[in-house]
Amino acid sequence: MLYYLFDFLDREYDLIGAGVFQYISFRAGMAVLVSLLITITFGKSLITMLRKKQVGETIRDLGLEGQMQKKGTPTMGGLIIIAAIVVPTLLFAKLENIYVILLLVTTLVLGAIGFLDDYIKVFKKNKEGLAGKFKVVGQVSVGLIVGATLFFSDDVVVREFNKTPVEIQQEGEEQIVSYTDSKSTTTTIPFVKNNELDYSKLNPTENELITAGIYILIVIFFVTAISNGANITDGIDGLAAGTSAIIGLTLAILAYISGNAIFSDYLNVMFIPRSGELVIFCTAFVGACVGFLWYNSYPAQVFMGDTGSLSLGGIIAVLALVLRKELLIPVLCGIFVIENLSVIIQVSYFKYTKKKYGEGRRIFKMSPLHHHYQKMEIPEPKIVTRFWIVGILLAIIALATLKLR
């Protein structure tokens with residue numbers, strides 16, 4: 001909103017300094033600043049309100065050190081994360097941008113699903129919360145909306161430049177370079193020289209609806225998987241928020257490059273018109289996660305609950321899909337992926353051995369993986385810090401794929 005106000009003041013009244021709102025870098029900086037201020041300033045008030053309403057976390061006794069001390073800690077802290085993402089985005093981003101709209105819808109819808117889950121747990125005293133099938137329906141619905149929009153919307157295009165200037169203006173030296181904007185289902189394959197994969201090639205026919213169905217199913221898979229991965233990772237103080245901040249910062253860099261014709265050309269990255277606007281959303285996202293750590297770092301004063309974790313994972317998945325970097329998710333979101341896999345492996349192996357030997361056996365002391373390390377009596381802050389370090393290494397590897405092919 002402020003973008004449009006200052007754009008008007010710049011055009012109509014030539015207000016000194018108003019033109020700075022045209023720069024993505026300035027608006028991104030303001031977004032992260034406002035996001036941090038919202039979480040830090042209003043976080044305490046939210047915690048106080050949650051305590052008054054007795055919105056405390058119900059803890060299952062898993063035999064983990066210090067676990068029962070967390071009983072009664074306020075949950076639903078994801079509300080402040082969502083506010084700290086949405087408000088700066090509304091203030092500083094171009095709201096007609098299709099990608100910004102998609103990310104806002106993803107944030108609010110998944111946040112609402114998570115809120116409903118937390119509400120049932122806290123107020124209905126149902127430890128199971130929202131039934132898993134309803135969570136999946138919500139995640140699939142978001143994936144369906146995102147996938148259909150990315151496939152069918154005329155505003156979602158990739159741009160290819162003609163490297164040979166086609167015209168030189170008569171009055172000056174400026175060269176006009178032609179380009180073509182086209183609908184495309186191509187994505188980027190990391191570590192590969194000619195690194196583009198067109199999902200339409202997976203369709204043996206030329207039927208557009210079949211191609212759309214394949215693409216939407218892929219989108220649904222990524223949204224559901226990463227949303228659940230973030231949800232599972234949110235098991236110890238600061239782990240999900242810190243990991244999400246690292247991923248969000250990496251995606252902000254990728255968004256800036258993908259939306260900048262010069263940098264995308266230099267790095268041979270797919271140029272996606274209007275995607276640079278996502279830098280504002282990404283920096284608000286990072287600011288919200290870092291600001292939340294003010295109260296969520298060990299020992300946590302508040303938990304984000306499913307309200308926060310489901311939306312964080314969904315946001316990351318949609319950002320990667322919009323930037324055509326979803327195949328980078330196994331690297332960039334390696335923490336979420338391994339947490340997810342640890343649960344799948346543990347459950348599958350237990351069922352297999354119980355069927356074969358009559359007694360279930362386990363690979364990990366407990367799943368997800370962070371609980372395995374807790375069972376090894378490693379202090380919780382050390383586990384979180386080491387996971388963050390691994391997340392930073394994975395982010396560096398993800399950025400290195402821009403040149404390592």
Side-chain angles (χ1 to χ4, degrees), residues 1-46 77-108 111 241-242 244-264 272-296 304 308 311-312 315-316 318-320 322-323 395 399:
M1 297 176 185
L2 289 180
Y3 167 80
Y4 298 102
L5 172 62
F6 281 91
D7 180 56
F8 171 78
L9 293 174
D10 184 42
R11 284 185 290 102
E12 298 297 326
Y13 301 102
D14 196 24
L15 180 67
I16 296 174
V20 75
F21 274 79
Q22 297 298 321
Y23 295 99
I24 287 176
S25 55
F26 173 78
R27 288 186 286 131
M30 292 300 296
V32 72
L33 177 63
V34 171
S35 182
L36 280 167
L37 288 174
I38 289 172
T39 47
I40 294 173
T41 304
F42 296 103
K44 187 66 176 178
S45 299
L46 177 65
L79 290 170
I80 196 68
I81 296 178
I82 292 172
I85 293 172
V86 172
V87 172
T89 301
L90 293 176
L91 287 176
F92 300 108
K94 296 180 181 178
L95 300 181
E96 77 277 9
N97 186 291
I98 187 66
Y99 302 127
V100 171
I101 294 171
L102 272 181
L103 265 300
L104 287 173
V105 169
T106 299
T107 304
L108 295 173
S244 296
I246 294 165
I247 296 170
L249 181 59
T250 308
L251 288 168
I253 295 170
L254 293 174
Y256 188 79
I257 293 170
S258 297
N260 186 291
I262 296 173
F263 288 136
S264 62
I272 306 170
R274 296 179 291 277
S275 65
E277 203 65 24
L278 287 175
V279 177
I280 288 87
F281 185 94
C282 288
T283 51
F285 176 87
V286 173
C289 292
V290 173
F292 187 69
L293 285 173
W294 187 274
Y295 301 104
N296 184 239
M304 68 172 68
S311 56
L312 290 183
I315 288 167
I316 289 168
V318 174
L319 279 168
V322 164
L323 297 173
L399 292 174

Taking the side chain as everything from C-beta on, heavy atoms only, tell me whether [X] gets closer than 4.5 Å to [Y].
X: Ile272; Y: Tyr99; result: yes
X: Met304; Y: Leu312; result: yes
X: Val34; Y: Phe92; result: yes
X: Ile85; Y: Ile315; result: yes

Which atom of [X] lies closest to which atom of [Y], heavy atoms considered:
X: Val279; Y: Ala28; result: CG1-CB, 3.8 Å
X: Ser258; Y: Leu323; result: CB-CD2, 4.2 Å
X: Leu293; Y: Ala241; result: CD2-CB, 3.8 Å
X: Thr39; Y: Gly291; result: OG1-CA, 3.1 Å
X: Val290; Y: Ala245; result: CG2-CB, 3.9 Å
X: Ser35; Y: Ala288; result: OG-N, 2.8 Å

Quick one: pull up [atom1] in [X] and [atom2] in [Y] and give me the separation to the nearest 0.5 Å.
X: Thr250; Y: Ile316; atom1: OG1; atom2: CD1; answer: 9.5 Å
X: Ile82; Y: Ile38; atom1: CD1; atom2: CD1; answer: 13.0 Å
X: Leu95; Y: Leu104; atom1: CG; atom2: CG; answer: 7.5 Å
X: Cys289; Y: Leu249; atom1: SG; atom2: CG; answer: 11.0 Å
X: Ile257; Y: Ser275; atom1: CD1; atom2: OG; answer: 10.5 Å
X: Tyr256; Y: Ser25; atom1: OH; atom2: OG; answer: 6.0 Å

| request: For the pair Phe26 and Phe21, name the ring-plane relationship: parallel under 30°, tilted 30 to 60°, perpendicular over 60°. | output: perpendicular

| message | Looking at Ser311 and Gly111, would you say the former's side chain and the latter's main chain have a donor-acceptor pair under 3.5 Å? | response |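 Answer holds: no.
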
| request: Please collect all salt bridge (charged side-chain N to carboxylate O under 4.0 Å, His left out) contacts where either partner lies in residues 274-289, sequence neighbours excluded, each pair once. | output: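 Only Arg27-Glu277 qualify under salt bridge (charged side-chain N to carboxylate O under 4.0 Å, His left out).
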
| request: Just grab all the salt bridge (charged side-chain N to carboxylate O under 4.0 Å, His left out) pairs involving residues 3-15, residues at least two apart or on different chains. | output: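 Passing the test, one end in residues 3-15: Asp7-Arg11.
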
| field | Residues forming a ring pair (Phe, Tyr, Trp, His ring centres under 6.0 Å) with Tyr3, sequence neighbours excluded | value | none

| request: Please assess Val100 against Ile280 for the test side-chain contact (heavy atoms from CB on, under 4.5 Å), listing each intermediate value before the final yes or no. | output: CA-CA 9 Å; Val100 171; Ile280 288 87; over 6 Å; no

| query | Does the pair Phe281 and Thr107 meet the rule for a side-chain contact (heavy atoms from CB on, under 4.5 Å), with working shown? | reply | CA-CA 11 Å; Phe281 185 94; Thr107 304; 3.5 Å; yes

